[in-house]
Amino acid sequence: MPIPGPLDPVPVPRAAVPRADGKVELIGLPREQIRAVLEEAGLEPRQAKLRAKQIWHWIYNRGVSDFAAMTDIAKAQSPWLAERFAITRPQVVEAQVSNDGTRKWLLRTHDGHDFEMVFIPDADRGTLCVSSQVGCTLNCRFCHTGTMKLVRNLEPAEIVGQVMLARDALGEWPSSPDGRMLTNIVMMGMGEPLYNFDNVKQALKIVMDGDGLGLSKRRITLSTSGVVPMMERCGDEIGVNLAVSLHAVTKDIRDEIVPLNKKYGIEELLQACADYPGANNARRITFEYVMLRDKNDSDADARELVRLLKAYKLPAKVNLIPFNPWPGAPYDCSTAERIRSFSNIVFEGGISAPVRTPRGRDIDAACGQLKTAAEKRSRADRDRDQAAAAGLHDAA
C-alpha cells in the first residue's frame with residue numbers, strides 16, 4: 001500500500017509473503033470475501049453463502065480454528081476446507097506475566113517476523129495493546145520501537161489474530177459481551193496505525209462487528225503520532241476514539257523527540273484534532289505525554305499545553321506517562337515531584353491530566369523491549385552453538 005502524503009520520507013514496507021502452504025487465511029476477511037473465496041474454490045453460490053455464515057460464527061463467536069470442530073458443517077466437507085483454507089493465530093514466541101498481572105507476548109508472523117502485544121488488566125477493565133506494523137518508521141527518540149527498521153505492515157489477519165489470541169489466553173470463548181476481561185483495545189503497539197490504514201480499518205471493522213468480536217467503537221482507541229492527512233479518514237471511516245502522541249509543546253523539542261513534527265507541525269496537528277469527526281466532551285481526544293526529565297516537563301511546558309488545548313477548543317484529556325527506560329535510551333524519567341507539579345497545573349487549567357501507573361516493568365514492558373531481548377538471546381544462543389561446535393572440531 002502506498003504511504004499517504006506525496007512528500008512523506010517514509011519507505012514503503014515490503015509486502016507480506018504468501019503462506020508457504022498456499023492456503024487462504026480466513027481470519028481478517030470480511031464476510032462477503034469469505035463467501036467469495038469459498039465460491040472461487042468450487043462451492044456453488046448458495047452453499048458458499050451458507051458456509052461463510054457458519055464459518056464466521058465459529059471463528060468469531062466460538063474461537064474455533066479447526067474445521068472438524070464446526071459441528072453444523074458436514075464431516076465429509078471439513079477435509080476439503082482444511083486443504084484450502086486456514087484459521088490461524090500469530091505464533092507465540094514468548095509469553096510473560098508481570099507481578100501486576102500485565103501480560104506480554106512476543107509473536108511471529110507466518111513469514112518469520114516478530115512483533116508484540118500487551119494485555120493490561122485493571123479493576124474495571126482489561127485493555128489489549130495491539131500492534132499494526134513490524135517495526136516502525138517514525139524514529140521517536142523516547143520509543144524503543146523507534147530504534148527498529150520498518151519490516152512490513154501487519155495484515156488484517158495478524159491484527160485481528162492478536163485479539164483472538166488474547167481471548168484464547170483469557171478463556172473468553174464462546175464470545176459474550178458480559179463478564180469479559182478484555183474490554184478495550186488500543187492501537188498503540190508497534191508501528192504507526194495510520195501508515196497501515198487499509199489493513200487496520202479492515203481489522204477493526206471485524207473487531208467492532210456485532211456478529212464478529214463485538215467490541216464497541218467507544219472501547220477502541222487508535223493512537224497516532226500525527227499523520228495529519230489520514231486523521232479525518234480515521235474518524236469518518238473507522239469512527240474509533242483518537243489518541244495523539246503529543247509529548248512536547250514547542251517545535252524544537254517535538255522535532256527532536258517526534259520527528260514527524262517536521263512534516264506536520266503542532267498547529268497543523270491540533271487543527272486536525274479539532275476537526276476530528278465525532279470528538280466531543282463525551283468522546284474526548286487523549287493526548288499522550290511521556291514525561292522526560294529536563295526535556296518537556298517544566299511548569300512552563302504544562303502551562304503552554306493548557307494554552308494550546310484551549311486555543312483549539314479541544315475536548316481533551318492528557319495522559320501523563322512516566323518514561324519507561326530501556327537500555328541505551330537517551331532520556332531519563334521525570335521525578336515524581338515534577339510529574340505531580342505538571343499534572344496539577346494541567347488540572348488547574350480545567351483539563352484532566354491523570355498520571356498513568358507504570359505497568360509490567362519487570363517483563364520488558366517498554367514497547368519493543370521483548371523483541372530486542374529475544375533477538376539478543378538468539379544471537380547468544382548462536383554464539384554458544386558455534387563455540388561448542390568449534391570445541392568439538394578442535395577435540396576431533
Side-chain angles (χ1 to χ4, degrees), residues 122 127 138 140-143 184 186-188 192 194 218 221-228 231-232 234-235 240-324 331-359:
D122 284 306
T127 301
L138 296 184
C140 298
R141 290 199 71 211
F142 62 88
C143 176
N184 294 66
V186 290
M187 296 298 305
M188 294 183 186
E192 165 56 65
L194 295 187
R218 294 179 180 275
T221 299
L222 183 146
S223 175
T224 179
S225 291
V227 185
V228 168
M231 288 169 61
E232 185 175 2
C234 178
V240 294
N241 301 318
L242 182 69
V244 173
S245 294
L246 187 62
H247 306 308
V249 293
T250 65
K251 172 177 168 49
D252 288 347
I253 299 302
R254 195 164 193 267
D255 280 355
E256 174 189 334
I257 64 178
V258 186
L260 187 64
N261 194 69
K262 296 173 185 176
K263 181 170 177 61
Y264 307 116
I266 294 174
E267 292 80 8
E268 191 177 357
L269 173 58
L270 294 179
Q271 186 59 55
C273 291
D275 297 337
Y276 188 73
N280 53 47
N281 285 330
R283 295 186 67 195
R284 293 175 293 172
I285 294 172
T286 299
F287 289 90
E288 298 158 339
Y289 199 98
V290 65
M291 300 299 294
L292 304 174
R293 184 183 299 178
D294 300 327
K295 179 59 65 174
N296 64 353
D297 62 352
S298 70
D299 288 352
D301 289 323
R303 286 190 286 268
E304 177 63 5
L305 177 58
V306 172
R307 188 195 71 78
L308 283 170
L309 297 181
K310 288 192 169 183
Y312 286 87
K313 299 180 172 62
L314 291 170
K317 62 180 178 180
V318 178
N319 265 353
L320 299 179
I321 307 167
F323 178 57
N324 192 355
Y331 304 112
D332 294 315
C333 183
S334 304
T335 65
E337 181 182 4
R338 184 93 297 280
I339 295 173
R340 189 161 49 249
S341 176
F342 194 104
S343 176
N344 288 341
I345 290 170
V346 179
F347 267 118
E348 288 165 5
I351 299 167
S352 175
V355 179
R356 185 184 295 175
T357 303
R359 302 294 298 270

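On a predicted model such as this, the values are computed, not experimentally measured, just so you know.
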Hey, are the side chains of [X] and [Y] touching, using non-hydrogen atoms and a 4.5 Å cut-off?
| X | Y | value |
| --- | --- | --- |
| Ser245 | Cys140 | no |
| Met188 | Thr127 | no |
| Leu320 | Pro354 | no |
| Val227 | Leu260 | yes |
| Cys234 | Leu194 | yes |

Hey, what do you get for [atom1] ([X]) to [atom2] ([Y]), rounding to the nearest 0.5 Å?
| X | Y | atom1 | atom2 | result |
| --- | --- | --- | --- | --- |
| Asn241 | Arg218 | CG | CZ | 8.0 Å |
| Leu246 | Thr286 | CG | OG1 | 12.0 Å |
| Met231 | Leu269 | CE | CG | 5.0 Å |
| Ile345 | Ile351 | CD1 | CD1 | 12.0 Å |
| Phe287 | Leu314 | CZ | CG | 4.5 Å |
| Arg356 | Asn324 | CZ | CG | 10.5 Å |

### Query
Checking Asn296 side chain against Val290 main chain: does a donor-acceptor pair fall under 3.5 Å?
yes
### Query
Would a distance-only check, ignoring hydrogens and angles, find a side-chain to backbone donor-acceptor pair under 3.5 Å from Thr221 to Leu242?
no
### Listed once per pair and sorted, the salt bridge (Lys or Arg N to Asp or Glu O under 4.0 Å) pairs that draw on residues 270-297, sequence neighbours left out
Glu256-Lys295
#### Entry: Salt-bridge present (Glu337, Arg340; N to O < 4.0 Å)
no
### Sole residue of Ile253, Val249, Asp255 in side chain to side chain contact (heavy atoms under 4.5 Å, CB included) with Lys251
Asp255
#### Entry: Exercise: do Asn344 and Ser341 side chains pair donor with acceptor under 3.5 Å
no
### Message
Tell me whether Glu232 at atom CD has more than 12 heavy atoms from other residues, nucleotides or ligands lying less than 6.0 Å away.
### Response
no
### Task
Specify whether Tyr289 and Phe342 have parallel, tilted or perpendicular ring planes, treating 30° as the upper limit for parallel and 60° as the lower limit for perpendicular.
tilted
